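Comments concern the structure below.
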Protein chains: 2
Amino acid sequence: MMISKRLSELRKRKQWSLQYIADQLNIAKSTYAGYESGYRQPSLEAVKELATLFGTTTDYLLGTTDEEQPSIELTLPTVRLTVDGEAVTEDEIIQLIAFIRAKRDIENKK
Amino acid sequence: MMISKRLSELRKRKQWSLQYIADQLNIAKSTYAGYESGYRQPSLEAVKELATLFGTTTDYLLGTTDEEQPSIELTLPTVRLTVDGEAVTEDEIIQLIAFIRAKRDIENKK
DNA sequence: ATGAATGTACGCGAATCGCGAACGAATGTA
DNA sequence: TACATTCGTTCGCGATTCGCGTACATTCAT
């Protein structure tokens, strides 16, 4: 059960008690404990609230992604990127990638 | 029920039948129909599979975000960006933003 | 016209959710 | 040292609701 593992890790890192989280979500301590042990599955609503509480995404909690913070590979068809609210064009993204690579190249040759 | 609305929209846009989705997830047609009508809630596992099937995120399905594709404003503290799997530094992001703005400036003055 | 496919709704049995309670272990307090 | 509090774990119970098969009306295609 991926979500129980993720919840357990996050809570321990933040050094929060079961009771604290239960209070935040307005559920019983034993209920949340069930989530971490894998004995119970949180409702969809609870998953959303837990993601907010832990400052992560539901995709991370559910194990769809391993990135705790939404991290994006800057590559072509993948992402829609904006600057000042305006979409960066594909050509511009190509240039950005080239720029970063060139910069790293120079760094590595120092 | 946000997820039922999202599922319904996505399926209609793709012009998929209830049966098709049910087959993909190995569940009964009536089960998936319950998700769209709001009569039932999908399991966490089903939510993951649906996000994959529709090519979106669980955060979008659950209504945590309104962005169907993770689209991001290229600004400082927001996101972790990578090129070739390696994180782009803050300084580099600043340079990228400046680059895009300068480029647009030139375009606008033509 | 008729057979297949679609979307919708319902009842049933089984699964499981959320809760309170109880427990030992660890920690804090007088 | 005694005692209370907090912590994490586990269990049984009642209530919820999940997933399935089924049935039905509608639409589509032959």
Side-chain angles (χ1 to χ4, degrees), chain A residues 1-70, chain B residues 1-70:
Chain A
M1 200 123 303
M2 177 62 72
I3 190 169
S4 58
K5 189 178 146 210
R6 293 273 155 96
L7 290 176
S8 182
E9 284 173 0
L10 287 168
R11 184 180 62 85
K12 281 169 186 162
R13 188 191 317 157
K14 302 232 178 195
Q15 300 193 346
W16 291 345
S17 69
L18 298 175
Q19 189 66 61
Y20 171 74
I21 296 183
D23 289 343
Q24 297 301 311
L25 300 209
N26 266 320
I27 59 177
K29 176 182 64 168
S30 61
T31 298
Y32 175 75
Y35 300 161
E36 281 199 11
S37 71
Y39 183 63
R40 293 272 182 263
Q41 284 215 333
S43 69
L44 300 185
E45 193 53 37
V47 172
K48 282 178 60 178
E49 293 176 10
L50 285 167
T52 300
L53 184 61
F54 283 120
T56 183
T57 67
T58 64
D59 286 281
Y60 178 74
L61 288 185
L62 299 183
T64 301
T65 176
D66 290 336
E67 313 269 355
E68 196 172 333
Q69 298 302 327
Chain B
M1 201 123 302
M2 178 62 72
I3 190 169
S4 57
K5 189 177 145 210
R6 293 273 154 96
L7 290 175
S8 182
E9 286 173 0
L10 287 168
R11 184 179 63 84
K12 281 168 186 163
R13 187 191 318 158
K14 302 231 177 196
Q15 301 193 345
W16 290 345
S17 69
L18 298 175
Q19 188 66 62
Y20 170 75
I21 296 183
D23 289 342
Q24 298 301 311
L25 300 209
N26 266 320
I27 58 177
K29 177 182 65 167
S30 61
T31 298
Y32 176 75
Y35 300 161
E36 281 200 12
S37 71
Y39 183 62
R40 293 272 182 264
Q41 284 215 332
S43 69
L44 299 185
E45 193 54 35
V47 172
K48 282 178 60 177
E49 294 176 8
L50 285 168
T52 299
L53 184 61
F54 283 120
T56 183
T57 66
T58 65
D59 286 282
Y60 178 74
L61 288 186
L62 299 184
T64 301
T65 176
D66 290 336
E67 313 268 355
E68 194 173 335
Q69 298 301 328

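Letters A, B, ... are given to chains in the order of the sequence lines, protein chains preceding strands, and every chain is numbered from 1. Just so we're clear, the structure is a prediction, and the values are computed from it rather than from any experiment.
Spacing between atom CG of B:L18 and atom P of D:dT27 amounts to 16 Å, rounded to whole angstrom units. The OH atom of A:Y35 sits 11 Å away from the C1' atom of C:dC19 (whole-angstrom rounding). Look at CZ on A:R11: it is 11 Å from C1' on D:dT9, rounded to the nearest Å. Distance OH (A:Y39) to P (C:dC19): 14 Å, rounded to an integer number of Å. Between the P atom of C:dG18 and the CD atom of A:E45 lies a distance of 12 Å, rounded to the nearest Å. The distance from atom CZ of B:R40 to atom P of D:dC18 is 5 Å, rounded to the nearest whole Å.
Of the possible donor and acceptor atoms, one in the side chain of B:R6 sits under 3.5 Å from a partner among the backbone N and O of B:Y60.
A heavy atom lying under 4.0 Å from DNA chain D marks the following residues of residues 19-34 of chain B, by number: B:I27, B:A28, B:S30, B:T31.
For C:dA30, the paired nucleotide is D:dT1, the pair qualifying as Watson-Crick or G-U wobble because both relevant distances are below 3.5 Å.
Closest heavy-atom contact between B:P42 and B:I3: CG-CD1, 3.8 Å. Scanning both residues, A:G38 and A:S4, for their nearest heavy atoms gives N-CB, 3.9 Å.
Expressed to the nearest 0.5 Å, how far NZ of A:K12 lies from CD of A:E36 amounts to 6.5 Å.
Residue-level contact check: A:Q41 touches the backbone only, with heavy atoms under 4.0 Å from sugar-phosphate atoms and none from bases.
Partners of B:Y20 according to the ring-ring contact (aromatic ring centres under 6.0 Å, His included) rule, which considers only residues two or more places apart in sequence or in another chain, are B:W16.
Within the 4.5 Å cutoff, the side chain of A:L18 has heavy atoms near those of the A:R11 side chain.
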